[in-house]
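As the structure is a computational prediction, the values presented were derived from the model and not from experiment.
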Amino acid sequence: MEKRNNTYQLDLKELKLKDGSEGTKNLSLEFDNHDDIFNIIEVIKSKKIFDDENTVTEFALGLKLFTEVMLKNKQHPLFKELRPAIMEFMKKLKSQ
């Protein structure tokens with residue numbers, strides 16, 4: 001049975017650098033995720049964990065990108081110690 005995933009495109013544009021100069025770099029990334037990321041952002045917004053909506057979006061997007069990579073590479077030794085802590089963190093987040 002084929003796993004079904006949502007496919008997303010993320011476009012990242014460097015706007016301004018900390019030295020005040022104008023950014024010049026762009027990145028476009030296509031990726032799959034088993035969750036509906038837009039829905040997750042809305043769910044986390046509704047939990048009012050953070051006051052700022054941009055912070056909510058950064059948090060949700062970063063978390064989903066990271067955990068999906070970890071899920072796809074669960075046997076990778078890099079995640080051995082981190083995996084139990086992330087699983088506990090996710091339970092805590094979902095219960096809020």
Side-chain angles (χ1 to χ4, degrees):
M1 186 164 142
E2 180 184 338
K3 278 193 170 183
R4 293 189 181 161
N5 287 310
N6 299 305
T7 302
Y8 297 94
Q9 180 173 319
L10 178 65
D11 295 314
L12 183 65
K13 182 178 180 181
E14 191 176 66
L15 298 177
K16 188 175 182 181
L17 302 179
K18 62 184 176 182
D19 66 5
S21 64
E22 191 173 314
T24 59
K25 297 176 185 170
N26 294 295
L27 172 78
S28 185
L29 171 69
E30 190 172 296
F31 63 96
D32 293 331
N33 196 291
H34 72 278
D35 285 321
D36 177 341
I37 294 176
F38 288 99
N39 183 58
I40 287 174
I41 291 168
E42 292 305 315
V43 168
I44 294 175
K45 280 181 184 177
S46 74
K47 292 176 182 279
K48 303 204 184 298
I49 297 171
F50 303 106
D51 294 332
D52 181 63
E53 285 197 15
N54 279 345
T55 301
V56 172
T57 303
E58 287 178 58
F59 172 74
L61 186 57
L63 185 63
K64 287 311 303 169
L65 288 171
F66 178 76
T67 56
E68 191 73 12
V69 168
M70 194 174 79
L71 191 63
K72 290 177 182 175
N73 297 279
K74 49 183 134 185
Q75 300 306 321
H76 196 289
L78 183 63
F79 300 121
K80 184 178 180 183
E81 290 87 12
L82 188 56
R83 188 171 160 78
I86 292 292
M87 300 304 283
E88 191 62 34
F89 175 80
M90 294 301 287
K91 286 179 191 174
K92 184 177 179 180
L93 176 62
K94 290 177 181 180
S95 71
Q96 293 218 347

ring-ring contact (aromatic ring centres under 6.0 Å, His included) involving Phe59 - partner list, sequence neighbours excluded: Phe50
Salt bridge (Lys or Arg N to Asp or Glu O under 4.0 Å): pairs with one or both residues in residues 14-26, sequence neighbours excluded: none
Donor-acceptor contact below 3.5 Å, side chain Thr67 vs main chain Leu63: yes
Heavy-atom neighbours of Asp51 CG exceed 12 at 6.0 Å: no
Single-linkage hydrophobic cluster, 4.5 Å side-chain cutoff, Leu93 and Phe66 together: yes
Asn39 CG to Ile44 CD1 distance, which is reported to the nearest 0.5 Å: 10.0 Å
For Leu10, the rest of its hydrophobic cluster, which grows through side-chain links under 4.5 angstrom: Tyr8, Leu29, Phe31, Ile37, Phe38, Ile41, Leu61, Leu65
Phe79 side, atom CZ; Ile86 side, atom CD1 - distance, nearest 0.5 Å: 9.5 Å
Interatomic spacing from CG in Asn26 to CG in Leu15 - rounded to 0.5 Å: 9.0 Å
Residue pairs, two or more places apart or on separate chains, that pass salt bridge (Lys or Arg N to Asp or Glu O under 4.0 Å) and touch residues 34-46: Asp35-Lys64, Glu42-Lys45, Lys45-Glu53
Distance, nearest 0.5 Å, that separates CG of Asp32 from CG of Asn6: 8.5 Å
Value rounded to 0.5 Å, distance of CD in Gln96 from NZ in Lys48: 13.5 Å
Side chain Asn73, main chain His76, donor-acceptor under 3.5 Å: no
Interatomic distance, Lys13 atom NZ to Ser28 atom OG [nearest 0.5 angstrom]: 13.0 Å
Joint hydrophobic cluster, Val56 plus Val43, side-chain heavy atoms closer than 4.5 Å: no
Pairs meeting criterion salt bridge (Lys or Arg N to Asp or Glu O under 4.0 Å) with involvement of residues 65-87, two or more places apart: none
Met90, CE atom: more than 12 neighbouring heavy atoms under 6.0 Å: yes
Same apolar cluster (I L V M F W Y, side chains within < 4.5 Å links), Met87/Ile40: no
Whichever hydrophobic residues join Leu27 through chains of side-chain contacts under 4.5 Å: Leu12
